[in-house]
Amino acid sequence: MRLKNKIAVVTGGSRGIGQAISELFAKEGATVIIIDLLPQGQKVAEKINSKGGKAEYHTISVTDKLAIEKLFAAVNEKHGSLDILINNAGIAKDKTLTKMSEEEFDSVVDVNLKGVFLCTQAAAPYMKANKYGRIVSAASNVGLRGNFGQTNYAATKAGVIAMSKTWTLELGKYGITANAVAPGFTMTDMVAKIPKEHFATIEASIPLKTVAQPIDIAYGYLYLASDESRFVSGICLTIDGGTSR
Ligand SMILES: NC(=O)c1ccc[n+]([C@@H]2O[C@H](COP(=O)([O-])OP(=O)(O)OC[C@H]3O[C@@H](n4cnc5c(N)ncnc54)[C@H](O)[C@@H]3O)[C@@H](O)[C@H]2O)c1
């Protein structure tokens, strides 16, 4: 029970890595507030509750400043704190530089970068008031290395790492840590469009010779959300089978 009695918001918790984080956090004793656009998050919350955990689901976009502010105020009112914020929601719209439209650039920035900013800005006052907080945000190893066809996505993930380092400086004195997690290729719906024949090449390029499963990434989030990491802030925890080194 590494998160006993903690109140944790998980954005993008309806599927993939966010679902694995939500289920793992609930197993570790947290009350999990799932935010997503996909109503299947309701099923995730019901599954958690049916197993004796505590979860609730809300259909809200991380880009909707007012709705996020309203929800976080309600969470703090109902549960007495907002201890953990997992900024996991993210999208990809891949194109090479010369083919990428302004809309494709802006929409990825809106969710992956501005959404993280808006959610963290809305959560920080409650964490400051309690002199406790864990902010963990989704970067990617492409935010460290760049990636063919991902100008927009890679830029947002590098931005998430820089924002986490900045919040470490601004929020540290309130007992709040801010870290990023940088997964490598992980088997979720986000990567489902990639043709199967490319998988062998991807796996061959990873030193551990396999892609990640969502739970491999969720364990990293658990460490950075727990009290065990109280002296860890401003880092980017890479979980990519040894690809970035
Ligand atoms: N899968 C990978 O290989 C990989 C690698 C590195 C980083 N990541 C990052 O990890 C995070 C989770 O990725 P995943 O693979 O589980 O993706 P996914 O597409 O399976 O899940 C993302 C979830 O975020 C939700 N979401 C999207 N836009 C939203 C919005 N505006 N408001 C609220 N929710 C929204 C989606 O509905 C979805 O449920 C993302 O930030 C992604 O960029 C993934």
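All values below come from the heavy atoms of this structure, side chains included, with hydrogens, waters and symmetry mates left out. Ligands are counted one by one from 1 in listed order, and the atoms in each one are counted from 1 as well.
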Nearest to [atom], what protein heavy atom do you find, and at what distance?
atom                    : result
atom 30 (C) of ligand 1 : L37 CD1, 3.6 Å
atom 6 (C) of ligand 1  : P183 O, 3.3 Å
atom 3 (O) of ligand 1  : T186 N, 2.8 Å
atom 14 (P) of ligand 1 : T188 OG1, 3.6 Å
atom 31 (N) of ligand 1 : S61 OG, 3.0 Å

Measuring from C236:SG to K165:NZ, what's the distance to the nearest 0.5 Å? 7.0 Å
With no hydrogens and no angle check, do the side chains of [X] and [Y] hold a donor and an acceptor under 3.5 Å apart?
X    : Y    : value
N179 : Y223 : no
T186 : T188 : no
D240 : T238 : no

Show the numbers, then the answer: is there a side-chain contact (heavy atoms from CB on, under 4.5 Å) between S81 and Y132? CA-CA 9 Å; S81 65; Y132 184 91; over 6 Å; no
Please find the pair of heavy atoms, one from [X] and one from [Y], that lie closest to each other, and give the distance.
X    : Y    : answer
E56  : H58  : OE2-NE2, 2.9 Å
M190 : R15  : N-NH2, 4.4 Å
A8   : A30  : CB-CB, 4.3 Å
S137 : V160 : CB-CG1, 3.5 Å
A138 : K157 : O-NZ, 3.1 Å

Below 4.0 angstrom from a heavy atom of [X], which ligand 1 atoms are there? Numbered from 1 as shown, please.
X    : value
Y153 : 6 (C), 7 (C), 8 (N), 9 (C), 42 (C), 43 (O), 44 (C)
G16  : 16 (O)
G90  : 22 (C), 24 (O), 27 (C), 40 (C), 41 (O)
L38  : 37 (O), 39 (O)
I91  : 27 (C), 28 (N)
G12  : 23 (C), 24 (O), 25 (C)
F185 : 3 (O)
V111 : 28 (N), 31 (N)

Taking atom NZ of K93 as the centre, does the number of heavy atoms from other residues, nucleotides or ligands within less than 6.0 Å exceed 12? yes
Backbone or side chain, does any N or O of [X] fall under 3.5 Å from an N or O of ligand 1?
X    : result
S14  : no
N141 : no
I17  : yes
N88  : yes
K157 : yes
V62  : yes
D36  : yes

Among R15, H58, M190, which one has a heavy atom closest to atom 17 (O) of ligand 1? M190
Centroid-centroid under 6.0 Å between F25 and Y221 rings: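 No, ring centres 6.0 Å or more apart.
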Please check this pair: side chain of S244 against backbone of G242, looking for a donor-acceptor N/O pair closer than 3.5 Å.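 No; zero donor-acceptor contacts below 3.5 Å.
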Quick one: does any side-chain atom of D36 pair with a main-chain N or O of S14 as donor and acceptor, under 3.5 Å? yes
Is the terminal nitrogen or CZ of K196 (NZ for Lys, CZ for Arg) located under 6.0 angstrom from the six-membered ring centre of F199 and within 45° of that ring's axis? yes
Any [X] heavy atom less than 4.0 Å to ligand 1:
X    : result
Q40  : no
G184 : yes
T11  : no
A182 : no
I60  : yes

Salt bridge check: are K27 and E23 linked by an N-O gap of less than 4.0 Å? no
Short N-O contact, K6 and D227, less than 4.0 angstrom: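 Result for this pair is yes, salt bridge flagged.
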Please classify the [X] to ligand 1 contact at 4.0 Å (heavy-atom distances, strictly less than): side chain, backbone, both or neither.
X    : value
V191 : side chain
A89  : both
A139 : backbone

